[in-house]
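One structure is given below, encoded as C-alpha cells.
Residues: numbered from 1 along the sequence shown.
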Amino acid sequence: DWLEDYLKKFKGALLMITHDRYFLDSVTNRIVELDNGKLYSYQANYEGFLELKAERMDMEKASERKRQSILRTELAWMQRGARARSTKQKGRIQRFETLRDKKGPVEDGKVEMESISSRLGRTTIEISDLCKSYGDKVLVKDYTYFFLKDDRIGYIGPNGSGKSTLMKMIAGWIKPDSGTIEIGQTVKLGYFSQENEDMDTSLKVIDYIKNVAEYVKTKDGSISASQMLERFLFPGSVQYTTISRLSGGEKRRLYLLRILMDAPNVLLLDEPTNDLDIRTLTILEDYLDSFQGIVITVSHDRYFLNRVVTKVVEIELGKLTTFMGNYTDYAKKKEMLREARMKEYLNQQQEIKHQEAVIEKLRSFNREKSIKRAESRQKALDKMDVMEKPIDAQEHMKLSLQPDVTSGNDVLELIGLSKSYDGVTLFSNVDFLLQRGEHVAILGDNGTGKTTLLKIINEIVTADSGSFRLGA
C-alpha cells in the first residue's frame with residue numbers, strides 16, 4: 001500500500017513488470033503488451049487496457065473475415081485458370097499470393113483446468129498449540145486451528161513474519177518447536193512452494209508431468225498428460241524440449257500443473273501470484289472456485305485474496321488473528337479496530353493528564369490530608385495498564401527518491417529492437433517511447449520477453465538488432 005501511494009505521486013517516468021491487477025489499475029497510466037512478438041500500446045490503466053485490447057481483437061477479427069472473403073474470391077479466379085499474360089493479371093496474382101501468405105490474428109490460448117481432487121474425509125488438518133521461533137524471534141505462538149472441508153484461508157503479514165514457515169510446517173518440511181499438526185488419513189497435500197521444489201531442469205516438459213500421472217480422470221473422461229499440457233499453454237512443439245529452456249514464469253506454470261495433476265484435496269499455495277502471468281492467474285482463480293477441497297494460501301496480491309479466500313489470518317509478532325471475509329473485509333475491520341484502539345488510547349491519555357493535574361493541585365495545598373489523597377491517586381495511576389499508541393505501518397516508512405536533475409520530456413526510446421533465443425523469436429522490430437510522467441507497465445504471457453526487454457535496457461542482455469537510447 002505504501003509503495004502504491006508513493007508511486008502514484010511520483011512525477012518521473014516508471015517502467016515496470018507486475019501481475020498485481022489492483023496495483024496496475026492504481027499506478028499506471030499506460031500499458032504496453034508483448035503479444036506474439038509485437039508490442040502494442042494502450043493509453044490506459046489495467047481496466048482500460050482490457051477494454052481497448054478487446055476492441056483491438058474485434059477489429060483484427062473483422063479484418064481477418066474480410067481478408068478471408070477476398071481470398072475466397074481470388075482463389076476462385078485462380079482456379080478458373082488465371083494466366084499472367086498482362087501486367088494487370090500479374091498484379092492480381094501477386095495480390096492473391098500476398099493475401100494467402102498473410103498471417104491472421106492469433107487469439108489468446110485458453111488455459112483450461114477442470115477441478116481435479118481426491119475425496120476428503122472428516123478429519124482434515126488439526127493444528128494445536130503450535131509454536132515456532134528462530135533465535136529470539138517468535139514467529140508463531142500457541143496457534144490452534146482445525147481446518148474445515150470448505151475452508152479458503154489466506155495468511156497475510158509483513159515479510160519475515162512466519163507465513164511461509166507455517167506453510168512448511170503444515171507440509172511437513174520443517175518441525176515446530178512445540179505443539180502438533182495432525183493430518184487426516186484421507187488428506188492429500190499439494191504444496192505450491194516458492195522454490196519449484198525438485199524440478200529437474202534437464203527433464204523434458206512432458207516427462208516432468210508424466211512422472212506424476214500419464215492420465216487424469218475428469219468429468220469428460222480420461223485426459224492424457226500431453227492434453228493437459230496443451231490446456232496449460234504448452235503446445236506439442238514445447239513438450240519435448242527441456243525445462244531449462246523455459247522462462248521463469250513458464251517453469252512456475254509447469255510446476256503448478258504438476259501439483260494439480262496429482263489430484264490433491266488440500267492445496268497449499270505460497271505466493272502463487274509472484275511469477276504466474278495474469279491469464280494463468282485468472283484460470284487458477286476459476287479452478288479454485290470449483291475445487292472440492294481446502295485452499296490455504298499466502299499472498300500479497302489483494303485481488304487474488306479478494307477472489308479466492310473467505311477467511312484472512314493476520315500474523316503479527318507471533319500472534320495469529322482470524323478475520324471472516326476476503327481481503328477488503330479484513331482491511332475495513334482492521335481499520336475499524338485501529339480507530340477504536342486509537343480512540344481508547346486518546347481517552348486514556350486524556351484521563352492520565354487529568355489525574356496528573358489533580359495530583360499536582362492536591363500537592364500544592366501542602367496539607368497532610370491533601371498529600372495523602374495525592375499519593376493515593378498516584379498509586380492508582382502507577383498501576384494503570386498504559387496503552388501503546390496504535391501505529392499505522394506506513395508511518396514508519398520514510399523514503400524519498402528525488403532525482404538530482406529533471407529529465408527531458410523523452411526518457412527512453414527503443415528503436416527496432418529484436419531478440420530470439422534458440423531459434424524462438426521473443427519480439428522483433430519493437431519501437432517504444434517513454435516520456436516523463438508516464439507510468440508504464442509491460443504485460444504479456446510468461447515467456448514473451450518482458451524481463452528480457454528490461455535486461456536489454458539495463459545492458460544485462462544484448463539485443464540481436466536495433467538500439468535504445470536514454471533521454472538527456
Positive for side-chain hydrogen bond (donor to acceptor under 3.5 Å, both in side chains) with Arg307, one of Asp301, Asp286, Asn326: Asp286
Indicate whether any N or O donor in one side chain lies under 3.5 Å from an N or O acceptor in the other, for Thr328 and Asn306. yes
Would you mind reporting whether Phe468 and Glu459 have side-chain heavy atoms less than 4.5 Å apart? yes
Less than 4.5 Å apart, side chain to side chain, heavy atoms only: is that true for Leu305 and Arg302? no
Quiz question: by atom type and distance under 3.5 Å, do the side chains of Lys311 and Tyr145 form a donor-acceptor pair? yes
Under 3.5 Å side-chain donor-acceptor pair for Gln185 and Thr123: no
Consider side chain to side chain contact (heavy atoms under 4.5 Å, CB included). Of Val298, Asp275, Asn274, which one does Gln194 pass it with? Asn274
Considering residues, nucleotides and ligands other than Glu126, do more than 12 of their heavy atoms fall under 6.0 Å from its CD? yes
Between Lys334 and Asp329, is there a salt bridge with N-O shorter than 4.0 Å? no
Does a donor on one side chain and an acceptor on the other come within less than 3.5 Å for Asp200 and Ser202? yes
Can we say Glu316 and Lys319 salt-bridge, meaning some charged N sits less than 4.0 Å from an Asp/Glu carboxylate O? no
Between Tyr255 and Ser193, a side-chain donor and acceptor under 3.5 Å: yes
Could you check whether Thr282 and Glu285, counting side-chain N and O atoms only, form a donor-acceptor pair closer than 3.5 Å? no
Taking the side chain as every heavy atom from C-beta outward, state whether Val309 and Tyr327 have any pair of such atoms under 4.5 Å apart. no
Exercise: do Ser26 and Glu4 side chains pair donor with acceptor under 3.5 Å: yes
Would you find more than 12 non-hydrogen atoms of other residues, nucleotides or ligands less than 6.0 Å from Phe146 atom CZ? yes
Ring geometry between Tyr6 and Trp2 (parallel below 30°, tilted from 30 to 60°, perpendicular above 60°): parallel
Side-chain donor-acceptor contact under 3.5 Å, Arg56 with Tyr42: yes
Only residue of Asn29, Asp25, Leu24 satisfying side chain to side chain contact (heavy atoms under 4.5 Å, CB included) with Asn45 is Asp25
